[in-house]
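Before any comments, here is the structure.
Nothing fancy with the numbering, it's 1 onward along the sequence. Just the heavy atoms: all of them, side chains too, but no hydrogens, waters or symmetry mates, feed the values below. We count ligands from 1, going down the list as the structure has it; atoms in each ligand are counted the same way.
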Amino acid sequence: MSLLVVGTVAFDAIETPYGKTDKIVGGAATYICLSSSFFTKKINLVSVVGEDFPESAIEMLKEKRVDVEGLQIRKGEKTFFWSGRYHANMNTRDTLETQLNVLENFNPILPEEFKESEFLMLGNLMPSVQKKVLNQMTKRPRLIVLDTMNFWMDLFMDDLKKALIEVDVLTINDEEARQLSGEYSLVKAAKVILKMGPKYLIIKKGEHGALLFNEKEVFFAPALPLEEVFDPTGAGDSFAGGFIGYLEKTKDISFNNMKRAVVNGSAMASFCVEKFGTQKLAEIAQEDVDLRINEFVRLVEFDLK
Ligand code: AMP
């Protein structure tokens, strides 16, 4: 059993009311790998970086049992770069700059052994690249989860819709759900999106938790109320990593188990935001994760009598 993760491995520059960073290591796939490593024993990574990407960051991924055979290192080219600024309430952010660099001509090549991965996380990336990965799988994975963002909807909505036809679960935030569906109500948006291909839809609402929909049911998990959120970057990807990592670990893709997966994803996101970049995810231990999941259980537990 294994999990294939595709997405950006990047440099980020982040500004929040708590401070500002120069280029630090980030990227959707980096957060997904770090987060899912608390659940999954073998993670197969497919991505691309430039010659400027630090060897130490690749070593950090290897230490978390990430197989980097599918990580291309392009000589003479630069790593994908994103910079963003958060507003006082931390729920909204402005993208200041996106430099595609190595992503511009990225042709994902799956090592033979990755092509039979049972769980596939198509992290935030160009939709045509997500589709190219799908096309290389020799066996349909048991579960395909896709994450995307407004940037790709603005540029490549048609390509995105083609990829969506083939996925099981779509994870997006509330604004992206509105953009994709053309509906303001999230319940109406879910109905429209579930007709585009995915059987399940997760709408992430930042500090207001996450909603899981299928055709008939809806489930809600809160975000952990935290005294301070330092940097929300990567929260969505950490959520996705916890979600799919938990499903891979438990091998159960029923709606009921997806509810548990949503709570595990929310727990991972709650760690991510406590420090800048990947710092917190890189330093926590399994015991911290177990304790945090119990905190979530206590948060929503109540007695009707
Ligand atoms: P999140 O906060 O979970 O939405 O993800 C933040 C991560 O997404 C950052 O580390 C960025 O490097 C990465 N990112 C930003 N813009 C894009 C994009 N257009 N495509 C793929 N990854 C991106």
Side-chain angles (χ1 to χ4, degrees), residues 5-16 21-36 46-50 53 57 61 78-87 90-104 106 108 121-130 133 145-157 159-160 163 170-177 179 202-207 210 223 229-244 265-266 268-282:
V5 174
V6 185
T8 44
V9 172
F11 282 130
D12 293 341
I14 304 158
E15 237 183 282
T16 84
T21 68
D22 273 335
K23 277 187 175 179
I24 56 171
V25 169
T30 311
Y31 285 102
I32 294 167
C33 286
L34 287 177
S35 170
S36 58
V46 168
S47 189
V48 64
V49 291
F53 197 71
L61 289 171
K78 283 167 76 181
T79 300
F80 172 79
F81 172 74
W82 173 81
S83 76
R85 180 189 295 139
Y86 290 85
H87 300 270
M90 295 280 208
N91 266 338
T92 51
R93 74 177 172 208
D94 294 327
T95 288
L96 301 176
E97 205 180 338
T98 302
Q99 289 176 16
L100 292 178
N101 298 331
V102 280
L103 263 200
E104 213 144 347
F106 178 39
M121 180 69 228
L122 294 168
N124 192 10
L125 199 63
M126 226 172 261
S128 58
V129 174
Q130 293 175 318
V133 170
V145 181
L146 183 144
D147 184 65
T148 189
M149 73 185 284
N150 54 354
F151 183 84
W152 302 117
M153 290 182 192
D154 294 340
L155 291 176
F156 303 115
M157 188 61 111
D159 286 351
L160 176 62
L170 171 66
T171 67
I172 43 179
N173 71 26
D174 40 2
E175 284 316 311
E176 290 152 0
Q179 182 173 354
I202 292 173
I203 301 183
K204 300 166 285 182
K205 287 155 57 77
E207 66 170 328
V229 170
F230 276 92
D231 171 19
T233 308
D237 305 311
S238 305
F239 174 94
F243 176 78
I244 197 161
S266 304
M268 296 316 295
S270 74
F271 282 119
C272 176
V273 303
E274 287 183 320
K275 287 194 176 168
F276 270 95
T278 55
Q279 207 184 330
K280 186 79 185 193
L281 284 184

At under 4.0 Å between heavy atoms, is it the side chain or the backbone of A235 that contacts ligand 1, or both, or neither? backbone
Give the residue and atom name of whichever protein heavy atom lies nearest to atom 4 (O) of ligand 1, and the separation in Å to one decimal. R93 NH2, 3.0 Å
The protein heavy atom nearest to atom 20 (N) of ligand 1 is W152 NE1, 3.0 Å
Does Y31 reach ligand 1, in the sense of a heavy atom lying below 4.0 Å from it? yes
What about A10: any of its N or O atoms under 3.5 Å from an N or O on ligand 1? no
Return the closest protein heavy atom for atom 3 (O) of ligand 1 as residue, atom name and distance. D237 OD2, 2.9 Å
Any non-hydrogen side-chain atom of V25 less than 4.5 Å from a side-chain atom of T30? yes
Test item: L122 and V133 side chains (from C-beta on) under 4.5 Å apart, heavy atoms: yes
Which of the numbered atoms in ligand 1 are below 4.0 angstrom from a heavy atom of G27? 9 (C), 10 (O), 12 (O)
Could you check whether D147 pairs with K204 (Lys NZ or Arg NE/NH1/NH2 to Asp/Glu carboxylate O, under 4.0 Å)? yes
Establish, from distance only, whether the side-chain atoms of Q130 and D159 form a donor-acceptor pair under 3.5 Å. no
Which atoms from ligand 1 have a heavy atom of N124 less than 4.0 Å away? 17 (C), 18 (C), 20 (N), 21 (C), 22 (N), 23 (C)
side-chain hydrogen bond (donor to acceptor under 3.5 Å, both in side chains) between T233 and Y86: does it pass, once the steps are laid out? CA-CA 9 Å; T233 308; Y86 290 85; 2.7 Å; yes
If we only consider heavy atoms of M126, is any one of them less than 4.0 Å away from an atom in ligand 1? no
What protein heavy atom sits nearest atom 10 (O) of ligand 1, and how far away is it? D12 OD2, 2.4 Å
With a 4.0 Å cut-off on heavy atoms, does F239 reach ligand 1? no
May I ask you to check if ligand 1 and G234 share an N or O to N or O distance below 3.5 Å? yes
Heavy-atom contacts with G236 under 4.0 Å: which atoms of ligand 1 show up? List them by number with element. 3 (O)
Whether over 12 other heavy atoms sit under 6.0 Å from D22 CG: no
For R93, does the CZ atom sit with more than 12 other heavy atoms under 6.0 Å from it, leaving out its own atoms? yes
Closest protein heavy atom to atom 22 (N) of ligand 1, given as residue, atom name and distance to 0.1 Å: T8 OG1, 3.0 Å
After noting the C-alpha distance and the side-chain angles of F80 and F106, does the key distance pass the ring-ring contact (aromatic ring centres under 6.0 Å, His included) rule? CA-CA 11 Å; F80 172 79; F106 178 39; over 10 Å; no
Spatial distance of atom OG (S266) from atom CZ (F239) [nearest 0.5 Å]: 5.0 Å
Which residue holds the protein heavy atom closest to atom 19 (N) of ligand 1, what is that atom called, and what is the gap in Å? F151 CD2, 3.3 Å
Which residue and heavy atom of the protein sit nearest atom 14 (N) of ligand 1, plus the separation: F80 CE2, 3.9 Å
Check contact between F81 and ligand 1, using heavy atoms of the residue and a distance below 4.0 angstrom. no
Test side-chain hydrogen bond (donor to acceptor under 3.5 Å, both in side chains) on D231 and Q279; report intermediate values, then the result. CA-CA 11 Å; D231 171 19; Q279 207 184 330; over 6 Å; no
Can you list the ligand 1 atoms lying under 4.0 Å from a non-hydrogen atom of G26? 10 (O)
Would you say that L155 contacts M126 through its side chain, given a criterion of any heavy-atom pair below 4.5 Å between the two side chains? no
